[in-house]
Amino acid sequence: IPPRLGISYPMRENSVLHFVYGHFYQRPSWTKMFGLPFVNYTTSWDSVLNPYAKQTTYMDEWQGYYGNPELGYERTIQYELGLDYNIADIIKLDLTGYYKDASGEANVITGNYAATYQATHALMMSNTGYSDVRGIETKMDSRLNGMFNFGLSHEIYWSFAGQVGFSRLYEPGSASLDVPKGLRQERGAWNNYQRIKGWLSLSTDKDEGPEIAGIRPLSDMGIYVNMWWRQGDQFTYHGPGDQSTEPNNMRWFNYYQID
């Protein structure tokens, strides 16, 4: 049973201090547990992605990893401390700091080799990844009595991730020794990522809204728009002639979505 605890304390009439602690468990995806890497040899593009078509199919190491049905649940321990403030019953402000400690993440791939034939190998997933995330989120949501309401949030967080386990495992009877991955971590700056979310809603009751030629076109209607934006992932690249060693000196393009 994952323990969870939430406490809120009214500091003043319009402000509340809140604290949350909890353990969260998540099953890895079915692909990570039961997936099969395959490649089809066919001249028909209609069946190239169908493993059940009448064609030659091979389990191929270069097409991905084998699922591991013995994967356990991924665990995250989360702490939150924040302050909610009500402004004239119109705007709600929320400032929250959080910390997430994740372990048992199913994101580590190990090569499995036979005892004698080692020209090819099978890749398989294991629960030996971990990560650490710390961040601050600021949110503002409106509480208007009219047709319009909106919300906006900004989040800045820093994280690092790592993995332990083996990069190579050999079948019993092999003369080779298992090769450990060692302890590896990838760290970024405190402002490694920033994320912005927003929403806008328009809702009207029956017989509400402007009237045009005896008709209220906006009567009994609801429109909701949601958007988010996130900075791209950082990575390290130093071109020919670049003698610097600064990590995470480049960043991929940003992501955004509007619904």
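- Interatomic distance, CD1 of Ile91 versus CE of Met140, reported as 5.5 Å (0.5 Å rounding).
- Formation of a donor-acceptor pair under 3.5 Å by the Thr76 side chain with backbone atoms of Phe24 is not found in this model.
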**OP:** Evaluate the criterion side chain to side chain contact (heavy atoms under 4.5 Å, CB included) for residue pair Leu144 and Ile90; output intermediate values, then yes/no.
**Re:** CA-CA 6 Å; Leu144 305 177; Ile90 297 178; 3.3 Å; yes
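- The main-chain N or O of Gly104 is found under 3.5 Å from a side-chain atom of Asn127 such that the two form a donor-acceptor pair.
- The number of heavy-atom neighbours closer than 6.0 Å to CD of Gln257, taken from other residues, nucleotides and ligands shown, is above 12.
- Between Tyr255 and Phe253, the ring planes are tilted. Angles from 30° to 60° get that label.
- A donor-acceptor contact under 3.5 angstrom links the side chains of Asn149 and Ser142, judged on distance only.
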Original post:
Stepwise, does the side-chain hydrogen bond (donor to acceptor under 3.5 Å, both in side chains) test hold for Tyr99 with Asp132?
Top reply: CA-CA 8 Å; Tyr99 170 72; Asp132 185 303; 2.9 Å; yes
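- Using a 4.5 Å heavy-atom threshold, the side chains of Leu169 and Met124 count as separate.
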Original post:
Would Glu155 and Tyr98 count as a side chain to side chain contact (heavy atoms under 4.5 Å, CB included) if you check the C-alpha gap in whole Å, the side-chain angles of each, and the deciding distance to 0.1 Å?
Top reply: CA-CA 11 Å; Glu155 183 180 3; Tyr98 62 85; 2.3 Å; yes
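- Counting heavy atoms from C-beta on, the side chains of Leu152 and Ile196 come closer than 4.5 Å.
- Within a 6.0 Å sphere centred on CE of Met227, heavy atoms belonging to other residues, nucleotides or ligands number more than 12.
- Minimum heavy-atom separation, Val133 to Ser159: CG2-CB, 3.8 Å.
- Annotation: Asp89, atom CG; neighbour count of heavy atoms from other residues, nucleotides and ligands within 6.0 Å does not exceed 12.
- Residues Tyr21 and Ile77 are in side-chain contact: their nearest non-hydrogen atoms beyond the backbone lie under 4.5 Å apart.
- Here the side chain of Arg251 pairs a donor or acceptor atom with the backbone of Gly232 at under 3.5 angstrom.
- Of the inter-residue distances, the one linking Leu93 atom CG with Lys139 atom NZ reads 11.5 Å to the nearest 0.5 angstrom.
- In terms of heavy-atom proximity, Ala102 sits nearest to Glu105 at CB-OE2, 3.5 Å.
- Residue Asn254 qualifies as enclosed at atom CG: its count of foreign heavy atoms under 6.0 Å is above 12.
- With rounding to the nearest 0.5 Å, the separation of OG1 in Thr110 from CZ in Arg168 is 11.5 Å.
- When atom types are taken as modelled, the side chain of Asn68 and the backbone of Lys32 share no donor-acceptor pair closer than 3.5 angstrom.
- Side chains of Glu74 and Asn107 form no contact here, defined as non-hydrogen atoms less than 4.5 Å apart.
- Summarising the geometry, atom OH belonging to Tyr65 is positioned 14.5 Å from atom CG belonging to Asn112; distances are rounded to the nearest 0.5 Å.
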**OP:** Report the C-alpha distance between Asn249 and Thr236 in whole Å, list the side-chain angles of each, state the deciding distance to 0.1 Å, and finish with yes or no for side chain to side chain contact (heavy atoms under 4.5 Å, CB included).
**Re:** CA-CA 5 Å; Asn249 61 323; Thr236 302; 3.9 Å; yes
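- In Gln26, the CD atom is not crowded: 12 or fewer heavy atoms of neighbouring residues, nucleotides or ligands sit closer than 6.0 Å.
- The backbone N or O of Glu171 sits nowhere less than 3.5 Å from a side-chain atom of Ser174 that would complete a donor-acceptor pair.
- Looking at heavy atoms from C-beta onward, Leu17 lies out of side-chain contact with Ile7 at the 4.5 angstrom threshold.
- One finds no salt bridge joining Asp178 and Lys181 here, because no Lys/Arg side-chain nitrogen approaches an Asp/Glu carboxylate oxygen to under 4.0 Å.
- Taking hydrophobic clusters as Ile, Leu, Val, Met, Phe, Trp and Tyr residues chained together by side-chain heavy-atom distances below 4.5 Å, Leu5 does not share a cluster with Val16.
- The closest donor-acceptor contact from the side chain of His154 to the backbone of Gln194 lies at 3.5 Å or more, if one exists at all.
- When side chains are defined from C-beta on, Pro28 does not count as touching Met125, because their heavy atoms never get closer than 4.5 Å.
- A distance of 6.5 Å separates OG1 of Thr96 from CG of Asp84, quoted to the nearest 0.5 Å.
- We find the CD-OH distance between Gln231 and Tyr193 to be 9.5 Å, quoted to the nearest 0.5 Å.
- Using a 30° and 60° split on the angle between ring planes, Tyr224 and Trp199 fall in the parallel class, below 30°.
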